[in-house]
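Have a look at the structure below, then the notes.
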Number of protein chains: 2
Amino acid sequence: MQEPMYIKIHNQIKRDIENKKYKVGERIPAERQLASKFNVSRMTLRQAIKTLEDEGILERRLGSGTYVSSQKVQEKMSGIMSFTDITRSNGQVPSSKLLSYRITKPSLSEKEKLKIQDTDNVLRMERVRFADNVPICYEVATIPYELVSRFSKDEISSSLYQTLEEKGGYKIGSVVENIGAAVANENEARLLSVKKGEPLVTRRQVTELSNHYPFEYVRASYVAERFEFTFEK
Amino acid sequence: MQEPMYIKIHNQIKRDIENKKYKVGERIPAERQLASKFNVSRMTLRQAIKTLEDEGILERRLGSGTYVSSQKVQEKMSGIMSFTDITRSNGQVPSSKLLSYRITKPSLSEKEKLKIQDTDNVLRMERVRFADNVPICYEVATIPYELVSRFSKDEISSSLYQTLEEKGGYKIGSVVENIGAAVANENEARLLSVKKGEPLVTRRQVTELSNHYPFEYVRASYVAERFEFTFEK
DNA sequence: CAGTGGTCTAGACCACAAA
DNA sequence: TTGTGGTCTAGACCACTGA
């Protein structure tokens with residue numbers, strides 16, 4: 001048995017919701033019924049329901065039943081959700097342009113954030129990201145080079161997380177983000193097609209692997225009038 | 001029995017951690033031992049552990065044990081944590097100055113965000129918030145007046161959430177926040193002691209009660225060079 | 001009232017970590 | 001190999017909701 005039963009049930013119920021077998025706002029069958037349908041004990045069934053509740057997909061109401069929630073809550077939290085996903089969920093087409101891709105020595109802040117030595121190399125990438133071909137974000141990402149030296153440029157620049165998890169055997173751990181504001185300098189103004197002095201939302205992100213080693217430091221600036229972060233709790 | 005057993009155990013273990021009976025990074029006793037100590041089944045004990053894990057207080061390691069986590073993760077998420085709490089946790093002294101407190105008709109955006117009618121009254125409060133007497137944030141909060149008409153000005157302006165939950169019998173539900181950027185206009189510049197055109201972090205927040213009625217709409221502007229939001233996941 | 005989710009028991013077997 | 005957390009069972013009684 002590869003997957004635990006409660007995960008299988010979780011996935012089945014999720015599919016049933018996607019396939020509109022259970023519709024938004026509607027009540028799903030009672031726990032005792034579902035338990036008997038899946039041939040598991042009620043505790044196991046409840047474990048499946050619990051994970052769906054944690055994802056914001058189901059909502060329990062005491063004495064009344066379990067309902068399909070209207071909101072897809074959790075995943076709107078930024079950071080875990082990539083620019084690509086956010087843009088797509090807004091019904092826009094994401095794209096990006098790689099401005100530079102260099103193996104070099106770390107800056108002071110990179111050294112500190114990535115907890116590496118002067119002698120280590122880093123890979124630094126600059127990008128502009130677009131939604132429907134309108135520039136939204138200028139982004140600099142830095143990665144300790146030894147972590148990715150065996151991957152191709154394309155594997156790194158187009159889907160770093162996936163490459164690291166699937167081909168590198170690494171697991172992503174925690175993410176820390178700082179969000180602030182700044183005004184566009186000349187370089188940012190040019191790259192993002194705004195005037196110098198226009199407001200930008202700034203984001204710094206340090207991502208760690210599950211072994212607590214930092215593997216990525218990102219500094220990004222978003223055009224405030226074209227982008228904002230949304231959080232739901 | 002007022003509180004469920006697993007909540008009591010949750011609280012007891014939390015106290016034990018606060019009292020350094022279990023220290024950060026250390027392993028706590030095994031589930032079977034704790035279950036027997038508290039005279040409950042292992043499933044019940046696990047439920048208590050689970051809630052502590054969800055709060056980021058404990059960390060399970062398969063095959064090894066359950067450990068006291070070093071990070072107090074969850075609560076750094078902004079919004080749930082008030083300005084007061086954030087400032088205190090930075091070791092600074094929070095204060096605030098109420099600039100205005102008026103019962104009036106809603107603006108267009110207030111009407112929309114709070115889902116109320118033209119004929120309803122709202123309570124609108126303007127504040128500047130300080131950390132160590134340095135102005136950090138200018139904030140306008142709007143509340144449907146009927147929700148708070150029976151409370152005193154002090155109960156509303158100094159601890160709204162507490163008043164609503166303890167004296168109003170309401171329960172806070174979801175919170176949606178949007179974070180962006182802007183530049184200071186003349187009014188903001190004067191109130192926050194910055195120059196016009198300086199970058200501000202903007203936040204809009206709509207808070208709902210557990211019955212899905214919006215009860216608060218807040219627009220806040222933070223001086224970017226003195227404040228940033230931090231998120232950990 | 002009947003039906004629902006919330007809590008709880010006293011076991012069981014498994015996979016994984018560390019010695 | 002021993003001890004740990006992960007999963008699971010087949011019941012039980014409770015408090016709450018809604019007709």
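Below, all heavy atoms of this structure are taken into account, side chains as well, without hydrogens, waters or symmetry copies.
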Nearest-Å distance, CG (Asn39(A)) to P (dC8(D))?
13 Å
Assess whether a salt bridge exists between Arg61(B) and Glu59(B), defined as any Lys/Arg side-chain N lying under 4.0 Å from an Asp/Glu carboxylate O.
yes
Short N/O separations, protein against nucleotides 11-18 of chain D, under 3.5 angstrom:
from	atom 1	to	atom 2	distance (Å)
dA12(D)	N6	Arg42(A)	NH1	3.3
dT17(D)	O4'	Gly63(A)	O	3.4

Looking at Arg219(A) and Ser109(A), what are the two nearest heavy atoms and their distance?
NH1-OG, 4.1 Å
What integer distance in Å separates Ile49(B):CD1 from dT7(C):C1'?
17 Å
Tell me: NZ of Lys8(B) to C1' of dT7(C), nearest whole Å?
13 Å
In plain terms, say whether Arg204(A) and Glu177(A) are close enough for a salt bridge, that is, a side-chain N and a carboxylate O under 4.0 Å apart.
no
Nearest-nucleotide pick for Val40(A), side chain only, options being dG5(D), dT9(D), dT7(C)
dT9(D)
Can you tell me if Ser41(A) touches the phosphate of dC8(D), counting only side-chain N or O atoms and a distance under 4.0 Å to OP1 or OP2?
no
N/O (side chain, Arg46(A)) to phosphate O (OP1/OP2, dG6(C)) under 4.0 Å
yes
Value in whole Å for how far the P atom of dC8(D) lies from CZ of Phe38(A):
13 Å
Between Tyr222(A) and Phe227(A), what is the ring plane arrangement, given parallel below 30°, perpendicular above 60°, and tilted in between?
parallel
Heavy-atom donor-acceptor pair, Asn19(A) side chain to Arg15(A) backbone, under 3.5 Å:
yes
So, Glu31(B) and Arg42(B), do they make that salt bridge, N to O below 4.0 Å?
yes
Can you check whether Gln33(B) has a side-chain N or O nearer than 4.0 Å to OP1 or OP2 of dT4(D)?
yes
Between dT9(D), dC8(C), dG5(C), which nucleotide has the shortest distance from any of its atoms to the side chain of Ala30(A)?
dG5(C)
Residue whose nearest DNA chain D nucleotide is more 5′ - Leu45(A) or Arg27(B):
Arg27(B)
Could you tell me how far apart Gln47(B) (CD) and dG5(C) (P) are, to the nearest whole angstrom?
16 Å
What's the NZ-P distance between Lys50(B) and dG6(D), to the nearest Å?
10 Å
Can you see whether Gln205(A) engages Thr207(A) through a side-chain donor-acceptor pair at a distance of less than 3.5 angstrom?
yes
